[in-house]
Amino acid sequence: MRRTALVTGAGRGIGKAIVEALGEEVWVGAMDVQFDDGPVGDAQFVVDVSDSAAVDEAVSSIAEERGGLDWVVCGAGIVRDRVSWKMTDSEWDAVIAVNLTGAFNVSRAAALSLRSSGHGRLILISSINGVRGSFGQANYAAAKAGMIGMSKTLARELARDGVTVNCILPGYIDTPMTQGLTEDVRAAAIARTPLGRLGRVEDIVAAVKFLCDDQAEFITGIALPVDGGQLLGASA
Ligand code: NAD
C-alpha cells in the first residue's frame, strides 16, 4: 500500500502546495477548517487543530482506514498582529491555540502511528520569526519558537522508533497570509533578503519533500530556515 500522509492547514497556501506535491507519491489526508478553494488531497477533514478531541478522531480514522500513518506535516497557522501593549487576550490565545497547541494536538494524536511506521516523519512549519522576533507578533513569535522547542523534544522521544521530527522556518512566502501586506512591507522584506525575492510555496515544498525522503532518515531535531538568507540579517 502507498504510504499515508496527513497535512494540516491544507486548504490553501503552503499546506495546499505540500498536499499536491506529496500526493504524487503517497496518499494524503488534508486537514483544515475550510476548503474554500475546493477539495485537495485524497480525503478532506474539516477540523480545527486546536480542538484536540476532533483531531484525535480524525487522526484515528485515517490510521484505521489506511492501516497506519507515515508522514505528518503541521502547517495550520494564523496571525493576529498587534503591538504587544495593545494585544488582546483573544489575539494572544487564538494564535497560541492554533499554531502551537494545534501542532501539539496533531503530533500527540499521530505519535503512536508514526512510531509503528518504520519511516515516520513529523514536520512542523514554524517561522524565522520564532527565532528573530517580529514587530507586532509577540503571539506568533512565541508560538513559532514554542514549536521549535517542542519539535526538539519530540525528536528525542520518537527517535528510538526511527521517527524524525524537524521544523521548517519559512521566511516571507508569497501566500494569502502575506498577500495582505502593503507593497512597502513586501518591498522591505525583499530588500532584507540576500537572495532578492520573496519565497515561493515551491521553496517550502522542496524542503518538506527532502525531509520526508528515506535518504533524510538521519536528520532530526533541526530547525531549517527556508528564507533566502533573511536570518543572516543586514548585509555587512
Ligand atoms: P495561509 O493563511 O495561506 O494558510 C493557512 C491555512 O491554515 C489556511 O488554509 C487556514 O484555513 C488553516 N487554518 C487556520 N486555522 C486553522 C485551524 N484552527 N485548524 C486547521 N486549519 C487552520 O498561510 P500560509 O502562508 O500558507 O502559511 C502556512 C504555514 O506557514 C503557517 O503555519 C504559517 O504560520 C507558516 N509561515 C508562513 C509564512 C509566510 O510568509 N506565508 C512565513 C513563515 C511561516
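All residue numbers in this chain count up from 1 along the given sequence. Order of listing sets the numbers, starting from 1, for every ligand and every atom in it.
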Check your understanding: Looking at CG of L124 and CE of M150, how far apart are the two atoms once the value is rounded to the nearest 0.5 Å?
Key -> 5.0 Å

Check your understanding: In terms of heavy-atom contacts, does CZ of R108 have more than 12 from other residues, nucleotides or ligands at under 6.0 Å?
Key -> yes

Review point. Between S50 and D48, does any side-chain donor sit less than 3.5 Å from a side-chain acceptor?
Key: yes

Under 3.5 Å, N/O to N/O: give me all the pairs between ligand 1 and the protein, one per line with atom names and distance.
unit_1: ligand 1; atom_1: 2 (O); unit_2: R12; atom_2: NE; d: 3.3
unit_1: ligand 1; atom_1: 2 (O); unit_2: R12; atom_2: NH2; d: 2.7
unit_1: ligand 1; atom_1: 3 (O); unit_2: R12; atom_2: NE; d: 2.9
unit_1: ligand 1; atom_1: 9 (O); unit_2: D32; atom_2: OD2; d: 2.6
unit_1: ligand 1; atom_1: 9 (O); unit_2: Q34; atom_2: NE2; d: 3.4
unit_1: ligand 1; atom_1: 11 (O); unit_2: D32; atom_2: OD1; d: 2.6
unit_1: ligand 1; atom_1: 11 (O); unit_2: Q34; atom_2: NE2; d: 3.1
unit_1: ligand 1; atom_1: 18 (N); unit_2: D48; atom_2: OD1; d: 2.8
unit_1: ligand 1; atom_1: 19 (N); unit_2: V49; atom_2: N; d: 3.0
unit_1: ligand 1; atom_1: 25 (O); unit_2: T175; atom_2: OG1; d: 2.5
unit_1: ligand 1; atom_1: 26 (O); unit_2: I14; atom_2: N; d: 2.7
unit_1: ligand 1; atom_1: 32 (O); unit_2: G75; atom_2: O; d: 2.9
unit_1: ligand 1; atom_1: 32 (O); unit_2: K144; atom_2: NZ; d: 2.9
unit_1: ligand 1; atom_1: 34 (O); unit_2: Y140; atom_2: OH; d: 2.5
unit_1: ligand 1; atom_1: 34 (O); unit_2: K144; atom_2: NZ; d: 3.1
unit_1: ligand 1; atom_1: 36 (N); unit_2: Y140; atom_2: OH; d: 3.4
unit_1: ligand 1; atom_1: 40 (O); unit_2: G171; atom_2: O; d: 3.4
unit_1: ligand 1; atom_1: 40 (O); unit_2: I173; atom_2: N; d: 2.7
unit_1: ligand 1; atom_1: 40 (O); unit_2: I173; atom_2: O; d: 3.4
unit_1: ligand 1; atom_1: 41 (N); unit_2: I173; atom_2: O; d: 3.4
unit_1: ligand 1; atom_1: 41 (N); unit_2: T175; atom_2: OG1; d: 3.1

**Study point:** Given V19, D32, I123, the one that forms side-chain contact (heavy atoms from CB on, under 4.5 Å) with V7
**Key:** V19

Review point. So, the side chain of E57 versus the backbone of A54: is there a donor-acceptor pair under 3.5 Å, distance only?
Key: no

Check your understanding: Donor-acceptor pair, N139 side chain versus R80 backbone, under 3.5 Å?
Key -> yes

